[in-house]
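Here is the structure we will look at, set down as structure tokens.
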There are 2 protein chains.
Amino acid sequence: MARRRPLTGCGLEAALAVVGGKWKPIVLWNLAGTPRRFGELRRLVEGISEKMLIQQLREMEADGIVSRTDFREIPPRVEYALTEFGVSLAEALRPLCEWGTAHVARIEARRAEVVSAR
Amino acid sequence: MARRRPLTGCGLEAALAVVGGKWKPIVLWNLAGTPRRFGELRRLVEGISEKMLIQQLREMEADGIVSRTDFREIPPRVEYALTEFGVSLAEALRPLCEWGTAHVARIEARRAEVVSAR
DNA sequence: CCGTATCCTCTACGATACTG
DNA sequence: CAGTATCGTAGAGGATACGG
């Protein structure tokens, strides 16, 4: 992610600094509506490594869109959830999400062309 | 960008595959409302190299959100504009854009902390 | 003016092993 | 269960020079 560049123009860059990247959208998506435990997320977000998951969660926590609750039990139990701020982001994301859903086929098709072109 | 991974879950990944990255949001933003010439874009999108600009434009063209018009004049004159598809994307992007604008200060503050932390 | 062609850097992301 | 610690890699992005 481009962390040091000042976020200019419209707020898109600021927003993308928070939800951009390979995993954050999926993590956010899986936290929408309900809190999740770490291991639960790891299973839900297919293909993610523990390192990446924890890293993304920490960043989202630092950005104030995710909260972490350690129940201090044994065995360990930690829950992640969207903050109010995170929920507001999810709301703002919805139209884009729907746009994507509506056009996945089209997008994937073009991508496939590019790949087969080489 | 993660080009080969299948786009799963909600459409967010599909959408981000199209507007994600460092430059595309800004380029899109600068094309919103009016067509732009290449050199014009290069000046508007501050800091971008010609290589990056043309690359992003080509990808956006391949994704069908931008159209390229070569007027075949001398000196050369080429115009880039959003397609209808591109406009629909820009629409879908607006809430996120506004969310970002509303919270830039907060986001940048956290980022500053992180940087100063090392 | 509108690009291409190279070469290079940097970092996001991945694989693996280990711990309280 | 919920993480840390390392090491390694691919590709996004940057710098510079040249071409129609």
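Chain letters run A, B, ... following the sequence lines, proteins first, then strands; residues in each count from 1.
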Please collect all ring pair (Phe, Tyr, Trp, His ring centres under 6.0 Å) contacts where either partner lies in residues 88-111 of chain B, sequence neighbours excluded, each pair once.
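Pairs touching residues 88-111 of chain B that pass the test: A:F85-B:W99, A:F85-B:H103, B:W99-B:H103.
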Is there a side-chain contact between A:V27 and A:L44, using heavy atoms and a 4.5 Å cut-off?
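No, their side chains stay 4.5 Å or more apart.
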Whole Å only: how far is the [atom1] atom of [X] from the [atom2] atom of [N]?
{"X": "B:E50", "N": "D:dG20", "atom1": "CD", "atom2": "P", "value": "16 Å"}
{"X": "B:L53", "N": "C:dC1", "atom1": "CG", "atom2": "P", "value": "14 Å"}
{"X": "B:L16", "N": "D:dA12", "atom1": "CG", "atom2": "C1'", "value": "16 Å"}
{"X": "B:I48", "N": "D:dG14", "atom1": "CD1", "atom2": "P", "value": "8 Å"}

Can you work out whether B:P76 or B:Q55 has the more 5'-proximal nearest nucleotide on DNA chain D?
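That would be B:Q55.
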Should we count CD of A:E84 as having more than 12 external heavy atoms under 6.0 Å?
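At most 12 heavy atoms, drawn from other residues, nucleotides or ligands, come within 6.0 Å of this atom.
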Give one of base, sugar-phosphate or nothing for B:F71, where a contact means two heavy atoms less than 4.0 Å apart.
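Since no nucleic acid heavy atom lies under 4.0 Å of B:F71, the category is nothing.
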Could you tell me whether B:R42 contacts a base, only the sugar-phosphate backbone, or nothing, with contacts defined as non-hydrogen atoms closer than 4.0 Å?
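Answer is nothing: B:R42 stays at 4.0 Å or more from every strand.
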Which of these nucleotides, [options], is closest to any side-chain atom of [X]?
{"X": "B:P75", "options": "D:dG3, C:dG14, C:dC1", "result": "C:dC1"}
{"X": "A:R68", "options": "C:dG3, D:dA2, D:dG13", "result": "D:dA2"}
{"X": "B:M52", "options": "C:dC1, D:dA2, D:dG14", "result": "D:dG14"}
{"X": "B:K51", "options": "D:dG13, D:dC1, C:dC2", "result": "D:dG13"}

According to a strict under-4.0 Å criterion, is A:R58 in side-chain N/O contact with OP1 or OP2 of D:dG3?
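For D:dG3, OP1 or OP2 has a side-chain N or O of A:R58 closer than 4.0 Å.
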Is any side-chain N or O of B:R37 closer than 4.0 Å to OP1 or OP2 of C:dC1?
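Indeed not, no polar side-chain atom of B:R37 lies that close.
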Just by distance, do the side chain of A:R36 and the backbone of A:N30 share a donor-acceptor pair under 3.5 Å?
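It does hold such a pair.
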Considering all heavy atoms, the nearest B:P25-B:G20 contact
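Looks like CD-O, 4.3 Å.
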Closest-nucleotide 5' rank along DNA chain C - winner of B:E79 and A:Q56
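Looking at DNA chain C, the more 5' nearest nucleotide goes with B:E79.
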What does the 5'-to-3' dot-bracket notation of DNA chain C look like when only Watson-Crick and G-U wobble pairs under 3.5 Å count, and pairs to other strands show as |?
|.||||||||||||||||||
